[in-house]
K.L.:
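Here's a structure for you.
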Amino acid sequence: MSQPTTAITPTRAQDFPEWYQQVVRAADLAENSEVRGCMVIKPWGYGLWENIQRQLDAKFKATGHVNAYFPLLIPLSYLEKEAQHAEGFATECAVVTHHRLEARKQADGTTKMIPTGELAEPFVIRPTSETIIGAAFARWVESYRDLPLLINQWANVMRWEMRPRLFLRTAEFLWQEGHTAHETAEEAMEETRTMHRVYADFLRHHLAIPAIPGEKTERERFPGAVNTFTVEAMVQDRKAIQAGTSHFLGQNFAKASNIQFLGRDNQRQFAWTTSWGVSTRLIGTLIMAHGDDDGVIVPPRVAPHQIVILPVTPKPDTRQEVIDACEALAQTLRAQVFFGEPLRVHVDKRDLQGGAKNWEWIKKGVPLRVEMGPRDITSRSVAVSRRDLGPKAKEIMGKEEFIRNATDLLEDIQEKLLERATALRDEHTKRLDTLDEFKAFFGADDDEKGAPGGGFALMHWAGTSEDEEKLAKDFKTTIRCIPHGDEYAEEGACFLTGKASRRRVVFARSY
RNA sequence: CGGGGCGUAGCUCAGCCUGGUAGAGCGCUUGCUUUGGGAGCAAGAAGUCGUGAGUUCGAAUCUCGCCGCCCCGACCA
């Protein structure tokens, strides 16, 4: 039977959203569960998350944070403490109202479980933990000597989404949420910026995604925040995706939760707080940023297996010899260090057809595939395939040479992915000055690739939230961020209102 | 929650219009052959046709209710 030329159908150009779903499935990353909006994260997907988690966690520790854990259930009354916050999350909260079940036999012999024991005060399954952590902070903070308080938690949260998509928007998702309290506004702002930098750095150097750091407009801010910093990435259908956020909360939550301390001046005052987070959405971002028509491409630094060794065993009598040689090679490689961690090498010994096995790892996006068979053992060579090149690309090299170059190869793949993603972003980022140009940029649906038109439009902006709302309605386009960086600072006139502007903002369609 | 579509084997779907004993491909199991590449042949396992009622001698097929899913809108990390 003839195979399609690509492992994934449809291709990205044919139908990007469908391609995404097929990749998630083909790469065995996750699947939909029987509970609507909730996903089962399968080992390959969870392996990615574990690496993201471990590497980010190290960065959090390095910036002075410690981990803790707070309850899943939040008293309903807590959510009522901060008006904007409550309003922002009201429409997507799961509520726990009962604490027991009663088994009732039905006429047909089956048993139905009926919730009983109604709670006096219902609980909300955390959509985020500002309120309950705020309550803890209020107990823990008494003096300026207790500050700063730098806490992070790795947890699951639940937001009852109307239209779930694996990794990108699920009802339950995994994330980390940092929560900090500070003595002064300046310190809290510095913390917000620091974590913002940590995210941008992580995206760039670990996930090979060149995100644009910036601030959100009032309309796009976290409910209850004074300011929200974001890292906005472009994925291959040219849409923007918010990959991480860092919020300066001012004293809003401190006042709501009564986080007060006695200052150096012997005055009782409210603390300044921040919060910041990234979620399993990063995995969706990674898939859409780097994947190709043969599946996902995993950046080496976060790959669960960085190298997969495929024993080629054409004859049963040499099979064991080949497998032993592969294991030996794996051991040698595992002794090496790549970006501060031991190389993650897997030998796929399954008794499967060689081609099928190879394609499986292509779809999963393993950075390096190494084939070794009886002939290679004789000639002391291996056949190496890089995932960032085509599926047929294969280089025969000496085994010793490969061992020497393995980490360099991985590093090169990591770099190439970043280069490729940067080129995509730059190619579809345009400085535009008029409404007509703006319309043309986002109006050109269905170009030759079938992708929606547009990309990142850098526009001068001095409009109001209402103006923003209107553009969102008319063009499905929003201000993704007011980017930091000198290259965006220039004098000009708002493309909508004509008012003076000193900085360009990023407009895009988004996830 | 509005507008459209769909529920049949693990997956993708045909069969429904025109009612008459449940089908295909892929996947799975076993055997043989093959093996530097997503294999071939043969045999086999697997479905109370989403669910409840109605019409009928007879319902996957017709009618109504309910449930669920997908797509398009409103919401979002």
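Chain letters run A, B, ... following the sequence lines, proteins first, then strands; residues in each count from 1.
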K.L.:
Output all residues satisfying side chain to side chain donor-acceptor pair (under 3.5 Å) with A:R369, sequence neighbours left out; order by chain, then residue number.
P.N.:
A:N358
K.L.:
Using the salt bridge (charged side-chain N to carboxylate O under 4.0 Å, His left out) criterion, which residues pair with A:R159? Sequence neighbours excluded.
P.N.:
none
K.L.:
Could you check whether A:F173 gets within reach of a base, just the sugar-phosphate, or nothing at all, counting any heavy atom under 4.0 Å?
P.N.:
base
K.L.:
Under 4.0 Å from any atom of RNA chain B, heavy atoms only: list the residues of residues 198-212 of chain A that qualify, in numerical order.
P.N.:
none
K.L.:
Can you sort out the partners of A:N67 under side chain to side chain donor-acceptor pair (under 3.5 Å), two or more places apart, ordered by chain and number?
P.N.:
A:D57, A:N152
K.L.:
At a heavy-atom distance below 4.0 Å, what parts of residues 274-284 of chain A sit against RNA chain B?
P.N.:
A:S279, A:R281
K.L.:
Apply side chain to side chain donor-acceptor pair (under 3.5 Å) to A:D201 and list each qualifying residue two or more places apart in sequence or on a separate chain.
P.N.:
A:K59, A:H205
K.L.:
How does protein reach along nucleotides 68-73 of chain B, written 5' to 3' as B (base within reach of a heavy atom under 4.0 Å), S (only sugar-phosphate), or - (no contact)?
P.N.:
-SSSSS
K.L.:
Of the candidate nucleotides B:C11, B:A77, B:G38, which contains the atom at the shortest distance from the side chain of A:R25?
P.N.:
B:C11
K.L.:
Compile the donor-acceptor pairs under 3.5 Å between side chains in residues 316-324 of chain A and protein atoms, sequence neighbours left out, one pair per line.
P.N.:
| from | atom 1 | to | atom 2 | distance (Å) |
| --- | --- | --- | --- | --- |
| A:T318 | OG1 | A:K315 | O | 3.1 |
| A:R319 | NH2 | A:K349 | O | 3.3 |
| A:Q320 | NE2 | A:D324 | OD1 | 3.0 |

K.L.:
Taking all atoms of both residues into account, what is the closest heavy-atom pair of A:G295 and A:V23, and its distance?
P.N.:
C-CG1, 4.0 Å
K.L.:
Measure all distances between protein nitrogen or oxygen atoms and nitrogen or oxygen atoms of nucleotides 34-36 of chain B, and list the pairs falling under 3.5 Å.
P.N.:
| from | atom 1 | to | atom 2 | distance (Å) |
| --- | --- | --- | --- | --- |
| B:G36 | N7 | A:R375 | NH1 | 3.2 |
| B:G36 | O6 | A:P374 | N | 3.3 |
| B:G36 | O6 | A:R375 | N | 2.7 |
| B:G36 | N1 | A:D376 | OD2 | 2.5 |
| B:G36 | N2 | A:D376 | OD2 | 2.7 |

K.L.:
Got a second to check how far A:L72's CG is from A:I125's CD1, nearest 0.5 Å?
P.N.:
5.5 Å
K.L.:
Test of understanding: with side chain to side chain donor-acceptor pair (under 3.5 Å), list the residues that count as partners of A:R375, not counting sequence neighbours.
P.N.:
none
K.L.:
Evaluate side chain to side chain contact (heavy atoms under 4.5 Å, CB included) for A:K216 paired with A:E232, printing each intermediate quantity in order.
P.N.:
CA-CA 10 Å; A:K216 286 293 187 188; A:E232 294 286 326; 2.7 Å; yes
K.L.:
Could one point to a donor on the side chain of A:R169 or the base of B:C76 with an acceptor on the other under 3.5 Å away?
P.N.:
yes
K.L.:
Please enumerate all protein N or O atoms sitting under 3.5 Å from an N or O of nucleotides 5-9 of chain B, with distances to 0.1 Å.
P.N.:
none

K.L.:
In the structure shown, which nucleotide is the Watson-Crick or G-U wobble counterpart of B:G19, with both distances under 3.5 Å?
P.N.:
none
K.L.:
In residues 164-172 of chain A, what donor-acceptor pairs under 3.5 Å come from side-chain atoms, sequence neighbours left out?
P.N.:
| from | atom 1 | to | atom 2 | distance (Å) |
| --- | --- | --- | --- | --- |
| A:R169 | NH1 | A:R163 | O | 2.7 |
| A:T170 | OG1 | A:E172 | O | 2.8 |
| A:E172 | OE2 | A:N156 | ND2 | 2.9 |

